[in-house]
J.: 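If you scroll down you'll find the structure; I have some questions about it.
From a predicted model like this one, the values you see are computed outputs, not experimental measurements. Convention: sequence-line order gives letters A, B, ...; per-chain numbering from 1.
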2 protein chains.
Amino acid sequence: MAALREAVRQADAPFENVILKGDCVAALERLPKASVDLVFADPPYNLQLDGGLTRPDQSVVDAVDDDWDKFASFADYDAFTRAWLLAVRRVMKPDAGLWVIGSYHNIFRVGAILQDLGFWILNDIVWRKSNPMPNFRGRRFTNAHETMIWAAKSADARYTFNYEAMKAFNDDVQMRSDWLLPLCTGAERLKDGAGRKLHPTQKPEALLARVLLASSKPGDLVLDPFFGSGTTGAVAKRLGRSYVGVEREQAYIDAAEARIAAVEPIAPAALQLLRGKRAEPRIPFGTLIEAGLVAPGAILVDARGRHRAEVSADGTLRSGAHRGSIHRVGAAVQGFDACNGWTFWHIEAASGAVPLDALRQKLRDDMAAAGG
Amino acid sequence: MAALREAVRQADAPFENVILKGDCVAALERLPKASVDLVFADPPYNLQLDGGLTRPDQSVVDAVDDDWDKFASFADYDAFTRAWLLAVRRVMKPDAGLWVIGSYHNIFRVGAILQDLGFWILNDIVWRKSNPMPNFRGRRFTNAHETMIWAAKSADARYTFNYEAMKAFNDDVQMRSDWLLPLCTGAERLKDGAGRKLHPTQKPEALLARVLLASSKPGDLVLDPFFGSGTTGAVAKRLGRSYVGVEREQAYIDAAEARIAAVEPIAPAALQLLRGKRAEPRIPFGTLIEAGLVAPGAILVDARGRHRAEVSADGTLRSGAHRGSIHRVGAAVQGFDACNGWTFWHIEAASGAVPLDALRQKLRDDMAAAGG
DNA sequence: TAGCCGCGTGAATCTACGG
DNA sequence: GCCGTAGATTCACGCGGCT
């Protein structure tokens, strides 16, 4: 019965649940026009890395140095982007949706070209990484997110968005444009024969799951023109969607096929049970200054009034020759190695000295009440 | 009186703490080349609102369903963006930084043009709004963030980044690329005579404060080419920075001037930057020998006692066949390319093994106490 | 067993200065 | 402007080994 159904589907739509080998643009010419319901694309980021990078302990960072991420110029990258977006556009149904993920190296170029080609941006979604790689040289902010653009084929498309499902998924408040998810690590990360990561940029299944649950229906055909290790296919199968992948390297195709074959689709009813977890917001000391609860120049004291420190505008404290965070200065004035500045330092208020921790709790309550 | 004050200010530093009235590009021609340290720009992104398209000059685009007109409109916006970015680029010092804030309507075009003009993106920063406006029609994700691009004028620029201050601000972990901050509401939001909000997109002062604290020094000149209600000027004055604004509408200029006049600057002592080791005066290892803190012939060991080296009178170390600076020999004995000899090597003292870095710090403290 | 600790690692445009 | 060298720099989490 299942075999019969499959045979009918194949005759009807011969490109479901297959991986096409080859260059993205050429391979997409084999697909019929207006045949896919959703596209998820993870194109090369054009990182433009120059030289190696080591951690402070001198270990080497395993960076993306593959040939597929090398472009001679922005113009070359733009031409590449325009070509694959046009090829993808041809096979999209009129109401199909498109997702593209990238970083600041490439996402602005992708977004501008998308708009130039007539795609209609619906949201930009920020994937906030709960465990990003730190900045090892201390010369920039920690690059802790990637950006996804969600677009329809045109401004008047009747795209799919499962609003109610997303709201239920998110504890009955609207799903926001910033998603907190961990990197793909541990057992989920595919390894090669030597135990090294198979693919340098494997995306977490939770990310794809949220994309497919939000913007596709069961039975939809999902295209991934940069299939890689097959995360899109694995999640599509698990969630009762079909997939078409395009990939150039046979090693990735082999790994993806084995991976997808091992996936057990979940019962449709179980889709309802997925829930996102919400982390308690961490509030740094600087936020108290930004919120106006502590003024630059304010004097902090410890509970017994033995130590004093002055608050600087940048969120550091000064006490005599000591300078640094509330924790560092708290430790220094006591001659300790460590100190919890939140409970050690107090600020004068009408009701007496209040620990910083109490102000932080107040801010946390306010933010929770505001839905943050 | 105001005119006199203005004249004096002009003589002293002709373009500090003023608002230039007029079109952004034309007004910037009045500023000298390479004169500003930092730029914060909140350009208009009046595209695609309510299905209608308007050009940057507010003229209405006809026939919004027409693909050609969409192209024309994007092209107009791109030309506008290129023009003001070029004008800004001219007045930036070689090591100046640039911030641009926008949403998915415009930020991709701005980012791509930035790169085309030779700016070097350092981070894209996501402002996560703790209290965003909900999505009323339930057809998209709640648009809960805006994007800021932080860029240097060129790839080899030595831009300002107060890494240590940001880290202390954030409870001693690196500041990430996603910032959670509330919208500008309540008393901070400027109102017009009728109690309506004065400016449609007034940014919160906390956002500007973090930008200026991260990427400028006290006394720096900050340019805002789309001054609006003057948030950049107000925060700059409060944080001991100078500002130049450009604004077309007199109503905004009047409101901004009154607003900035009421700002009380923070005491300079509370503005001192937290200096990291990088900013400390350099002390060669030989100085420790000259000061008698390390004797020629002394034996150095690493923290775990695995490696030993002998100090020569000329400030080099010897360990087996290895000979050279504390850094070279530290790297060689470990088989690494690099090593920080100050933290790697220890010397025996009554209280146990002390890193060379502690001796160096003692020397620095002594020199500071001596007024050196 | 449970818990502690060390180790490995992730899409990264990652130094500054003097000669 | 090139080149050589001093010397500054990391967070979250999973896993395996040891107590």
J.: Round to the nearest Å and state the distance from B:H327 atom NE2 to C:dA16 atom C1'.
T.: 13 Å
J.: Whether the side chain of B:Q115 engages the backbone of B:V110 through a donor-acceptor N/O pair (distance < 3.5 Å, no angle test) should be reported.
T.: no
J.: Counting distance alone, no hydrogens or angles: does the base of C:dG10 have a donor or acceptor under 3.5 Å from a partner atom on the side chain of A:R55?
T.: yes
J.: For the pair made of CD in B:E164 and P in D:dT9, what is the distance, rounded to whole Å?
T.: 6 Å
J.: State whether A:S130 places a side-chain N or O below 4.0 Å from either non-bridging phosphate oxygen (OP1 or OP2) of D:dA12.
T.: no
J.: Between D:dG16 and C:dT1, how far apart are the C1' atoms? Round to whole Å, please.
T.: 16 Å
J.: Decide, yes or no, whether a salt bridge links B:R210 with A:E290 under the criterion of side-chain N to carboxylate O below 4.0 Å.
T.: yes
J.: Specify the separation, in whole Å, of atom CH2 of B:W120 and atom P of C:dC14.
T.: 7 Å
J.: Assess, by modelled atom type and distance only, whether the side chains of A:S59 and A:R55 contain a donor and an acceptor separated by less than 3.5 Å.
T.: yes
J.: Under 4.0 Å between a side-chain N/O of B:K167 and OP1 or OP2 of D:dC11, yes or no?
T.: yes
J.: Among B:F169, B:W179, B:Y163, which residue satisfies the ring-ring contact (aromatic ring centres under 6.0 Å, His included) criterion with A:F141?
T.: B:W179
J.: Do A:T147 and A:W127 have side-chain atoms, one donor and one acceptor, less than 3.5 Å apart?
T.: no
J.: Between atom CZ in A:F71 and atom P in C:dA11, what is the gap in whole Å?
T.: 18 Å
J.: Keeping B:D178 on the side-chain end and A:R128 on the backbone end, is there a donor-acceptor pair under 3.5 Å?
T.: no
J.: A:P204 near the nucleic acid: base, sugar-phosphate alone, or nothing, with a heavy-atom cut-off under 4.0 Å?
T.: nothing
J.: Hey, which of these two, A:H105 or A:T185, hits DNA chain C nearer its 5' end, going by closest nucleotide?
T.: A:T185
J.: Using Watson-Crick or G-U wobble geometry with both distances under 3.5 Å, which nucleotide pairs with C:dT9?
T.: D:dA12
J.: Heavy-atom nearest nucleotide on DNA chain D for B:I326 versus A:P132: which residue maps closer to 5'?
T.: B:I326
J.: With rounding to the closest Å, how many angstrom separate the P atoms on C:dA11 and D:dT9?
T.: 25 Å
J.: Check the distance between C:dA11's P and A:F136's CZ and give it to me in whole angstrom.
T.: 12 Å
J.: Between A:R259 and A:T231, do the side chains contain a donor N or O and an acceptor N or O under 3.5 Å apart?
T.: yes
J.: Mapping B:R328 and A:T142 onto DNA chain D by nearest heavy atom, which one lands closer to the 5' end?
T.: B:R328
J.: Between A:D69 and A:Y45, do the side chains contain a donor N or O and an acceptor N or O under 3.5 Å apart?
T.: no
J.: Measuring only the P atom in each nucleotide, how far is C:dC14 from C:dG18? A whole number of Å is fine.
T.: 23 Å
J.: In whole angstrom, give me the gap between the C1' atoms of D:dT10 and C:dG10.
T.: 12 Å
J.: Is there a Watson-Crick or G-U wobble partner for C:dA16 with both distances under 3.5 Å, and if so, which one is it?
T.: D:dT5
J.: Which residues, if any, of residues 277-291 of chain B bring a heavy atom under 4.0 Å of DNA chain C?
T.: none
J.: Side chains of A:H327 and A:S325: donor-acceptor distance under 3.5 Å anywhere?
T.: no
J.: Would you say A:N131 places a side-chain N or O within less than 4.0 Å of OP1 or OP2 belonging to C:dG10?
T.: no
J.: Does a donor on one side chain and an acceptor on the other come within less than 3.5 Å for A:Q250 and A:D254?
T.: yes
J.: In this structure, how many angstroms lie between the C1' atom of D:dA6 and the CZ atom of B:F344, rounded?
T.: 17 Å
J.: With a 4.0 Å limit, can you tell me whether B:Y163 has a side-chain N or O closer than that to the phosphate oxygens OP1/OP2 of D:dT10?
T.: yes
J.: Pairing check on C:dG3: which nucleotide meets the Watson-Crick or G-U wobble criteria with it, both distances under 3.5 Å?
T.: D:dC18
J.: If you take any heavy atom closer than 4.0 Å to DNA chain C, which residues from residues 186-197 of chain A end up in contact?
T.: A:R189, A:K197
J.: Rounded to whole angstrom, note down the C1' distance from D:dG1 over to C:dA16.
T.: 15 Å
J.: How would you label the contact of A:S103 with the nucleic acid (heavy atoms, under 4.0 Å): base, sugar-phosphate, or nothing?
T.: nothing
J.: Given atom CD of B:Q174 and atom P of C:dA12, what is their separation to the nearest angstrom?
T.: 13 Å
J.: Looking just at side-chain N and O atoms, do A:T54 and A:R137 make a donor-acceptor pair shorter than 3.5 Å?
T.: yes
J.: On DNA chain C, does the nearest nucleotide to B:I121 precede the nearest nucleotide to A:D62 from the 5' side, or the other way round? Give the residue.
T.: A:D62
